[in-house]
Protein chains: 2
Amino acid sequence: MNIELATTALKALAHETRLRVYRRLVQAGANGLCVADLATELGAEANGSFSFHLKELSNAGLIRSRQEGRFIYYSADYPAMNELLAYLTEHCCAGQSCGEQEHSCTIPENP
Amino acid sequence: MNIELATTALKALAHETRLRVYRRLVQAGANGLCVADLATELGAEANGSFSFHLKELSNAGLIRSRQEGRFIYYSADYPAMNELLAYLTEHCCAGQSCGEQEHSCTIPENP
DNA sequence: TTCATATTTATAGAATAGTCGAAATATCGT
DNA sequence: ACGATATTTCGACTATTCTATAAATATGAA
């Protein structure tokens, strides 16, 4: 992680729709959700704008996609967020260790 | 912390200059740094653009300023970043506790 | 008070991001 | 192959953010 990757990831998360999408995908676990379900759950429409936001998150490496039949499933890339948090925390702690205070994200069990 | 505050903070951090500024202020501790020193250390100029970025971080509640003589000192608002990290971690961990894995930011001793 | 330093504010222009609607691609079911 | 569904891509447009420059404000020093 470097400052360029960090700003890219932060930019991707710095939009309400995308932050909601990301959060929902994190909660969804490794399977993720297909676009239509994702949009429905967030009260959004699966249109070009929604697709644009998915691409932003995807380009930032925060989410991944896989085709499954007619549907495209998106899922959170947990390590990416962990790296971002680590980067922010590192600087947040002024180069000192936070002691026990690490963070990391667990992948929820498949529902 | 809610999604609106979170996106505001993320937007503020989602720019290389501002992320550098923020990081440097975190490292500087409670005293902070005055604008000219901050700019010099980052290889930037203390001009209107730099001031704009300081205002963005300030509006997002991530940094504070105080006047001291002719100089204006900026310093990191540690609790604000802790709240943001807590918010991200919470969602990152899909509503489950991270166990021991908390994070928080310590204010470095005054240099 | 007048001048110099430190920083912000204002205004306009340039660059980037976001939205909208239509057309394109991919896959499935018939 | 054809039609329906799911999603992306494209092009034009709008909105937001960033930069540059100059003028304004604040403080301290002479």
Side-chain angles (χ1 to χ4, degrees), chain A residues 3-22 24-25 28 31-76, chain B residues 3-25 28 31-77:
Chain A
I3 195 153
E4 209 170 320
L5 292 173
T7 51
T8 300
L10 288 167
K11 256 180 214 157
L13 293 170
H15 187 282
E16 190 164 328
T17 297
R18 294 193 296 258
L19 189 51
R20 284 189 202 281
V21 163
Y22 183 76
R24 189 63 195 82
L25 288 180
N31 266 354
L33 289 171
C34 70
V35 180
D37 288 355
L38 192 49
T40 300
E41 295 206 15
L42 300 177
E45 282 187 61
N47 54 17
S49 182
F50 197 70
S51 200
F52 164 78
H53 290 305
L54 290 174
K55 195 170 61 176
E56 291 289 297
L57 285 165
S58 187
N59 287 343
L62 290 165
I63 66 177
R64 302 161 156 282
S65 69
R66 67 178 195 281
Q67 184 120 21
E68 206 160 286
R70 246 185 309 186
F71 305 88
I72 295 180
Y73 278 72
Y74 280 89
S75 54
Chain B
I3 195 155
E4 208 170 320
L5 291 173
T7 50
T8 300
L10 288 167
K11 256 181 214 158
L13 292 170
H15 186 283
E16 189 165 329
T17 297
R18 293 193 296 258
L19 189 51
R20 283 189 202 280
V21 163
Y22 183 75
R23 170 175 67 178
R24 189 62 194 81
L25 287 180
N31 264 354
L33 289 170
C34 70
V35 179
D37 287 356
L38 192 50
T40 300
E41 294 204 16
L42 301 177
E45 283 189 60
N47 55 16
S49 182
F50 197 70
S51 200
F52 165 79
H53 291 305
L54 290 174
K55 196 169 61 177
E56 292 288 297
L57 285 166
S58 187
N59 287 343
L62 290 166
I63 65 176
R64 303 163 156 279
S65 68
R66 67 178 195 281
Q67 184 120 21
E68 206 161 286
R70 247 186 307 187
F71 306 88
I72 295 180
Y73 278 73
Y74 280 89
S75 55
D77 187 309

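With sequence neighbours excluded, the residues forming a side chain to side chain contact (heavy atoms under 4.5 Å, CB included) with B:Ala6 are A:Leu19, B:Met1, B:Leu84, B:Tyr87, listed by chain and number.
Atom CD of A:Glu45 is separated from atom P of D:dA6 by 14 Å (rounded to the nearest Å). Atom P of nucleotide D:dT21 and atom CG of B:Asn47 are separated by 9 Å, given to the nearest angstrom.
Sequence neighbours left out, the pairs with a member in residues 59-70 of chain A that pass side-chain hydrogen bond (donor to acceptor under 3.5 Å, both in side chains) are A:Arg64-A:Asp77, A:Arg66-A:Glu68. Note on residues 54-76 of chain A: no pairs pass ring-ring contact (aromatic ring centres under 6.0 Å, His included), not counting sequence neighbours. Sorted by first and then second residue, the side-chain hydrogen bond (donor to acceptor under 3.5 Å, both in side chains) pairs with a member in residues 41-55 of chain A read A:Arg18-A:His53, A:Arg24-A:Glu41; sequence neighbours excluded.
The minimum heavy-atom distance linking B:Ala12 with B:Ala60 is given by the pair CB-CB, 3.5 Å. The shortest heavy-atom contact between A:Ala36 and A:Ala46 is CA-CB, 4.4 Å.
Distance check: A:Leu42 CG to A:Leu25 CG gives 8.0 Å after rounding to the nearest 0.5 Å. The NZ atom of A:Lys11 sits 14.0 Å away from atom CG of A:Leu57, with the distance rounded to the nearest 0.5 Å.
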Could you pull out the protein-nucleic contacts involving nucleotides 16-19 of chain C (nitrogen or oxygen on both sides, under 3.5 Å)?
| from | atom 1 | to | atom 2 | distance (Å) |
| --- | --- | --- | --- | --- |
| C:dG18 | OP1 | A:Arg18 | NH1 | 3.4 |
| C:dG18 | OP1 | A:Arg18 | NH2 | 3.2 |
| C:dG18 | OP2 | A:Arg18 | NH1 | 3.1 |
| C:dT19 | OP2 | A:Ser49 | OG | 2.9 |
| C:dT19 | OP2 | A:His53 | NE2 | 2.6 |

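Of all the residues in residues 61-75 of chain B, B:Arg70, B:Phe71, B:Ile72, B:Tyr74 reach under 4.0 Å from DNA chain C with at least one non-hydrogen atom.
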